[in-house]
Amino acid sequence: MKARTRFAPSPTGELHIGGVRTAIFSWLLAKHTGGEFYLRIEDTDQERYVPGSTRRILESFDWLGITLDGGPDHEELRAMKTNEDYPGALEDGEYKGVPGPFVQSHRLHLYKQWAEWLVEHGYAYRANETPEELQRMREEAQARKQTFIFREEMRLRPDVRPDEPHVIRMRVLPRDGRTEFDDLIKGRVSFDNAQVDDQVLLKMDGFPTYHLAVVVDDHLQGVTHVLRGDDWLPSAPKHVLLYRYFGWPEPQWAHVPNVLGTDGKKLSKRHGAQSVFEFRDQGYIPEALINFLALLGWAPGGGDEQNVFTREELIAKFSMAGVGSSPAVFDYNKLDWLNGVHIRRLSPDDLAERLVPFLARAGVSVDTPEKRALLRRIVPHIQERTKKLTDAAPLVDFFFGDIQTPPAEMLIGPKMEQPLALHALRETRRVVASVEPFEDAPLEQAMRALCEALGLKPTQLFTIVRNAVTGKSVTPPLFATMAILGRETCLTRLDRAIARLQASA
RNA sequence: GCCCCCAUCGUCUAGCGGUCCAGGACGCGGCCCUUUCAAGGCCGAAACACGGGUUCGAGUCCCGUUGGGGGCACCA
């Protein structure tokens with residue numbers, strides 16, 4: 001059976017990592033079954049609306065490489081400065097079989113229509129208590145140590161006319177029954193109707209609340225599986241009731257457990273990196289992030305112990321049965337490891353391209369064809385040394401610019417005295433000047449021979465040569481590094497090191 | 001306070017009544033490889049929250065306790 005799923009964020013800021021995980025599950029389910037995954041913007045709260053966030057959300061999915069089968073049109077949105085308004089083209093029509101519009105503020109007439117339908121059929125009623133009045137009622141209930149549940153007989157003005165300002169509230173029926181439903185993750189869930197509020201469905205401003213909008217849209221847009229964070233579970237009975245009132249077939253419910261921070265609390269703004277872009281800027285690659293997030297709460301099961309997955313493998317193996325029911329703690333260690341694994345799987349040229357912006361940010365500009373070529377030669381040697389894209393800069397900067405000649409103590413190896421070190425560097429200079437061809441293997445051969453001749457351990461000699469030639473103690477493999485630097489650069493740097501060492505005598 | 005959800009190594013998890021003195025992965029420790037740092041290989045420490053049932057037999061089923069999480073808006 002083909003699943004049609006959706007991700008329905010509010011445009012209130014950056015795409016949050018917890019939301020991304022829910023989106024990934026939804027996307028995997030849809031793709032696994034050959035169905036559709038689309039985006040719907042839930043902008044029914046005008047107060048919390050943050051201009052530009054729809055575009056940022058779209059860009060997040062672009063970066064993740066998750067393609068949408070419906071939703072606001074990418075090209076048009078990208079062309080706009082902000083998304084405070086949507087082009088008329090978004091108003092109608094459908095996209096890959098999913099009927100639009102995909103922005104709730106453009107669907108107001110639908111919510112109004114169905115809210116009125118509920119009133120007509122006795123499943124909802126009009127009310128017009130002010131926020132202040134409601135607040136007072138709530139406080140009174142609290143004073144009696146009771147949970148405040150709004151019911152129609154509590155209305156202060158029971159005779160609200162359709163032509164005066166009012167809200168529409170759902171009637172929870174039957175009053176004394178229970179509402180039960182099956183959840184793909186939680187199993188059978190049951191709520192006492194007496195605990196369910198007569199929720200406002202249509203606000204005074206004509207906008208729907210989430211509860212009405214989500215039900216109307218999911219039904220009209222043919223959503224088969226409702227995946228969302230399990231913080232929605234307590235309001236699910238309202239949605240179940242609405243489906244039943246409307247006589248619409250219920251979708252499959254799946255309330256996915258939340259992602260927790262290391263402190264065991266729901267992952268939120270306070271836990272460091274939150275938005276997809278923050279992870280991107282910290283040097284994580286989408287392949288790793290998707291792999292990691294998928295594993296956070298999902299496992300292939302059936303004795304399959306695979307941990308590293310490509311997108312395609314995830315799509316092939318994903319199933320709701322593998323999604324766990326308990327909350328998962330976000331583990332940065334595992335993310336880092338997976339990032340390294342996926343970076344190693346990249347082709348060197350691909351990695352080189354991805355590195356460019358990170359190098360630029362670190363002051364290493366790779367802005368000419370020559371520099372690109374240089375970077376491509378270097379990358380194979382740093383690939384297994386980079387866990388995050390931000391790791392590369394200190395490993396490669398000395399290829400692209402001059403170095404500080406290291407202080408004398410860095411030029412005297414372990415268990416060595418200054419005269420020996422000086423001699424060793426001079427001999428190294430001779431080797432470097434004469435080796436033919438100036439390549440990795442011949443260099444290594446000659447330098448090892450030099451070790452023999454000097455009676456030095458490789459570590460001793462290579463350490464000071466590394467320092468002299470790169471200015472650092474941690475670098476890619478020495479001889480490959482020297483070969484790429486080139487004979488002239490190596491000689492220059494060796495000469496400066498020799499001079500520095502001499503001066504220190 | 002009320003309601004709901006959850007409970008296997010520090011973390012992510014496998015386990016769907018016996019084949020589990022509980023398996024894999026991250027992290028951690030040790031060893032090996034080694035020109036630095038990585039990567040890689042091998043080895044190791046590390047868990048069924050507790051208490052009752054059910055059953056010939058329970059990590060697996062039921063109940064309770066404890067602990068954790070979430071929700072109680074004209075926010076999503």
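All chains are named by letter (A, B, ...) in the order of the sequence lines, taking the proteins before the strands, and each is independently numbered beginning at 1.
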Kindly say whether A:Leu156 contributes a backbone atom to a donor-acceptor pair with the side chain of A:Glu129 at under 3.5 angstrom?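 Yes: the side chain of A:Glu129 pairs with the backbone of A:Leu156.
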
Sort out the partner of [N] for me: Watson-Crick or G-U wobble, both distances under 3.5 Å, none otherwise.
N      : answer
B:rC33 : none
B:rA45 : none
B:rA22 : none
B:rA39 : none
B:rA7  : B:rU66
B:rC72 : B:rG1

Please indicate whether A:Glu152 has more than 12 foreign heavy atoms, meaning atoms of other residues, nucleotides or ligands, lying under 6.0 Å from its CD.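 Yes, the 6.0 Å shell around CD holds more than 12 heavy atoms from other groups.
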
On a whole-Å scale, what distance lies between the [atom1] atoms belonging to [N] and [M]?
N      : M      : atom1 : result
B:rA22 : B:rC48 : C1'   : 8 Å
B:rU60 : B:rU8  : C1'   : 11 Å
B:rC61 : B:rG24 : C1'   : 26 Å
B:rG68 : B:rG44 : C1'   : 31 Å
B:rG67 : B:rG59 : P     : 24 Å
B:rG40 : B:rA25 : P     : 12 Å
B:rC26 : B:rA39 : P     : 11 Å
B:rG23 : B:rC16 : P     : 14 Å

Would you tell me if any nitrogen or oxygen in the side chain of [X] comes within less than 4.0 Å of OP1 or OP2 on [N]?
X        : N      : value
A:Arg144 : B:rC2  : no
A:Thr44  : B:rA76 : yes
A:Lys203 : B:rA76 : yes

Within residues 461-469 of chain A, find the residues that approach RNA chain B with a heavy atom at under 4.0 Å, and present them sorted by residue number. A:Phe462, A:Arg466

Near RNA chain B, under 4.0 Å by heavy atom, which residues of residues 168-180 of chain A? A:Arg169, A:Arg178

Within the 6.0 Å centroid threshold, strictly below: [X] and [Y]:
X        : Y        : result
A:His239 : A:Tyr210 : yes
A:Phe279 : A:Phe330 : yes
A:Tyr123 : A:Trp114 : no
A:Phe292 : A:Tyr284 : no
A:Tyr332 : A:Trp337 : no
A:Trp298 : A:Phe25  : no

Taking the minimum atom-to-atom distance to the side chain of [X], which one of [options] wins?
X        : options                : value
A:Leu233 : B:rC72, B:rC5, B:rU35  : B:rC5
A:Asp45  : B:rC75, B:rG27, B:rC74 : B:rC75
A:Ala299 : B:rG70, B:rC74, B:rA14 : B:rA14
A:Asp231 : B:rG70, B:rC12, B:rG23 : B:rG70
A:Glu305 : B:rC4, B:rG23, B:rC37  : B:rG23
A:Lys186 : B:rC6, B:rC5, B:rC74   : B:rC5
A:Asp331 : B:rU11, B:rU36, B:rA25 : B:rU11
A:Asp230 : B:rG24, B:rC5, B:rA73  : B:rC5

Is the terminal nitrogen or CZ of A:Arg171 (NZ for Lys, CZ for Arg) located under 6.0 angstrom from the six-membered ring centre of A:Tyr125 and within 45° of that ring's axis? no

I would like to know whether A:Arg151 and A:Asp197 meet salt bridge (Lys or Arg N to Asp or Glu O under 4.0 Å); could you show each step before the answer? CA-CA 7 Å; A:Arg151 289 279 114 106; A:Asp197 200 48; 5.8 Å; no

Donor-acceptor pair under 3.5 Å: do we get one between A:Ser235's side chain and the base of B:rG71? no

Closest non-hydrogen atom pair, A:Leu461 against A:Met416: N-CE, 4.3 Å

Is any side-chain N of the basic residue among A:Arg144 and A:Glu140 closer than 4.0 Å to the acidic one's carboxylate O? no

Taking any heavy-atom pair under 4.0 Å as a contact, classify A:Val329: base, sugar-phosphate, or nothing. sugar-phosphate

Where protein sits on nucleotides 38-49 of chain B, one letter per nucleotide: B base, S sugar-phosphate only, - none, heavy atoms under 4.0 Å: BSS---------

